[in-house]
Amino acid sequence: MLYSVVDSIGKPPSGVLEGTLSMLGAYDQCLKISVPRKSSSKEKKPIFEGKYCLAEYQLPLMPNNQSNTRTSSRKSDNQQSVVENLVQQASISPQSALRHGLCVPSTCSNEDVDKIIRYALKSTGMISSIRHCNVRTPNPILTEQIIALAIVGIIGVLVLMGTCLDGVTRSTIPIGSKIQIQGSVSGTGLRFLLMFSLYTNTKKFLHIGNTSDGLSALHGIRFLTAAWVILGHTYFLFRIPNYRRLHGFLDFAQNSLFAPVENFTVSVDTFFFLSGLLLVYSNWKRLQSQNGCLNILKMYLHRYWRLTPAYGFCMVLVFLLPLLGSGPLWHVVINQMVDNCRHSWWKNLLYINNFWNMDDICIRQSWYQSAAIQYHVVFVVILLMLFRWHLVGLLLNGCVALVGIAYTGILVYKNAYPPTIMIAVRDLSSLYEFGTEVYIKPFHHVGAYCVGVAFGFLLVKHKNLKFHPLILVLGWLSATACILAVIYGLNPYRSGTVATPIIAALYSAAHRTVWACGVGWIVTMCATGQGGIINQFLSWSLFVPLGKLSFLAYLLHPLVMTVHNAHMRERVYLDHYEMIYTYLGHLLVTFGVAFICFVTVETPFILMENLFCKKEFKADISEQHNGGNNNKHPLSVIGIKHRELGGTACKLEAFNNSNSKDHLANG
């Protein structure tokens, strides 16, 4: 057993000078260790079992608060001392202390292990701490996890009952018969259960609908943007101890082809642009039919209901993550996310979590949902003004964009923040402050939303817009220049050279708005039939169902990545091959989980909105026996039928073909 204990302890790795900063040891082997008592002993409990502890060491020259020194370029190894190399590794991330996996007898307490390590390292000047210790015992189920399991169980039962009811109904109702369910208690219950039918909801997911409405290209844009977000987070949402050769990141930064990955954060501005565009595009006809009047409160409630059930379900899943696995880094990685959700879930449901620090957010990427809701609250009013007084609305929209641009520039210039999130930033405290004080705040991205509103107005007022060939050429060149300037504009500064305050301020203030302008031109060309091969590709029918999953994929992919990172037992060599291979796995698993949540949570709750609005429901089943197709829309079995209530704007999208625009607006 002594050999097993020694063998399970992490050994000093090779490649420390290239950023290999962890020696995790044999986690599972350590926990399997068990020293039994003699057969004559009445005590059946073993003398001791293996106990795995993750220790953290920080060299005396590794600054707790990252160094403010920035270098203009990487020195070669023969120009640096060993200490300088180690300090350079420490500057890669605030989590870059050495991690050491220890295997000790279970009779040792955490305090005992900590004291032994401190005593052993006393003469070296290293600072040590124990991140966690665990033995082979089942994790206790907490109250919050019982509640989460109950919610998942209730949804599972509803899905099972709804699917069975749907199958029985389709197989027993005579051909062509119509069942009128107008409001009885039993009828309401049946309609409620049928909303959870996997058969019906899957058919809705696969339903392509009308792809000739001018906005079909938006499905492709949404899917590709979500895939880009997942790619960027695959590279940047990893744990330092999981990888060997962290210097690889510095090599990545010097490669121009890596710029689109490093600058992936502009992808969220594509979503903001689409939200602004569709706010105008999808509500303009309603405004025309109601003389410029909207029930604003119901629009707010509709938007809240559209986002919150799926959003809340993702937070429910967070509380179940501790039950899904184990590993040397499991508690370090998982506990932070769970603790944040335990204390900050209410901020998410109120959509105000982006006004706190990034480290306090439940599901860090969820700041986007808060900003999207905040924009919706403000821009519904601007939409009304834009409809009544075009020039006033456009000027107000432009002023909001300019205020956001100016405020961003002033903050970045005044505080010497980096221009955006970059790899080769030595002052990591400044980068963190940029993320908290600028990046997740609504003013930083409002320019992209305003551009979307402007292009939405252009499309509703000039649906048959056609440009002269010369204008088309200039437009495409300008759009390409905007996109390339945003992606590659910081190339001179990606290897460590410090951007001057004025350059950082100008880029940070304007690049997201410029990016939205480039995307706006592409959308306009596709919507007006002038997009050519680009429109054909983005309008590919396969993108329609995948685009419907983009909202959930954005919410769920951090959970998928967190579980993967926490479960890893050994270091992985950091290079593009490993990262792309990992990315493809994240992409597939994320969209697979998103599909399950789409048919079991998102779709049923969208359909409930119609039930709450007391719209007319009619079940009309006309199905051929011999496996024929329904003559009606797949959702006709639960009788979704639109009806305006009292002349108000309760024309809430009822998950018909036009509701695809509602999906497009939620990234």
Which residues share a side-chain hydrogen bond (donor to acceptor under 3.5 Å, both in side chains) with Asp339, sequence neighbours left out: Arg342
Side chains of residues 580-588: which donor-acceptor partners sit under 3.5 Å, not counting sequence neighbours?
{"from": "Thr582", "atom 1": "OG1", "to": "Glu578", "atom 2": "O", "distance (Å)": "2.8"}
{"from": "Tyr583", "atom 1": "OH", "to": "Ala227", "atom 2": "O", "distance (Å)": "3.1"}

Distance-only donor-acceptor pairs under 3.5 Å for side chains of residues 317-333, two or more places apart:
{"from": "Ser326", "atom 1": "OG", "to": "Arg569", "atom 2": "NH2", "distance (Å)": "3.3"}
{"from": "Trp330", "atom 1": "NE1", "to": "Gly325", "atom 2": "O", "distance (Å)": "3.3"}

Contacts of Asp359 that satisfy salt bridge (Lys or Arg N to Asp or Glu O under 4.0 Å) - sequence neighbours left out: Arg364
Partners meeting side-chain hydrogen bond (donor to acceptor under 3.5 Å, both in side chains) with Gln374 (sequence neighbours left out): Asn354
Parallel, tilted or perpendicular: rings of Trp305 and Phe605 (30°, 60°): tilted
Pairs where residues 308-356 contributes a residue and the test disulfide bond (SG atoms under 2.5 Å apart) is met, not counting sequence neighbours: Cys341-Cys362
For His343, all residues meeting side-chain hydrogen bond (donor to acceptor under 3.5 Å, both in side chains), sequence neighbours excluded: none
Backbone of Val377 reached by a side-chain donor or acceptor of Tyr300 within 3.5 Å: yes
Partner residues of Phe457 under the ring-ring contact (aromatic ring centres under 6.0 Å, His included) criterion, sequence neighbours left out: Trp284, His390
Which residues share a ring-ring contact (aromatic ring centres under 6.0 Å, His included) with Phe443, sequence neighbours left out: Tyr407
Pair Asn353-Ser370, side-chain donor/acceptor within less than 3.5 Å: yes
Residue pair Asn535 / Ser539, side-chain donor-acceptor N/O under 3.5 Å: yes
For Phe537, all residues meeting ring-ring contact (aromatic ring centres under 6.0 Å, His included), sequence neighbours excluded: Phe543
Non-neighbouring partners of Tyr27 that pass side-chain hydrogen bond (donor to acceptor under 3.5 Å, both in side chains), sequence neighbours left out: Asn134
Report, one line per pair, each donor and acceptor closer than 3.5 Å where one atom sits in a side chain of residues 263-272; sequence neighbours left out.
{"from": "Asn263", "atom 1": "ND2", "to": "Val486", "atom 2": "O", "distance (Å)": "2.7"}
{"from": "Asn263", "atom 1": "ND2", "to": "Tyr507", "atom 2": "OH", "distance (Å)": "3.0"}
{"from": "Thr265", "atom 1": "OG1", "to": "Arg512", "atom 2": "NH2", "distance (Å)": "3.2"}
{"from": "Ser267", "atom 1": "OG", "to": "Phe264", "atom 2": "O", "distance (Å)": "2.6"}
{"from": "Asp269", "atom 1": "OD1", "to": "His445", "atom 2": "ND1", "distance (Å)": "2.9"}
{"from": "Asp269", "atom 1": "OD2", "to": "Arg512", "atom 2": "NH1", "distance (Å)": "2.6"}
{"from": "Thr270", "atom 1": "OG1", "to": "Trp515", "atom 2": "NE1", "distance (Å)": "2.9"}

Donor-acceptor pair, side chain of Ser550 and main chain of Ala226, under 3.5 angstrom: no
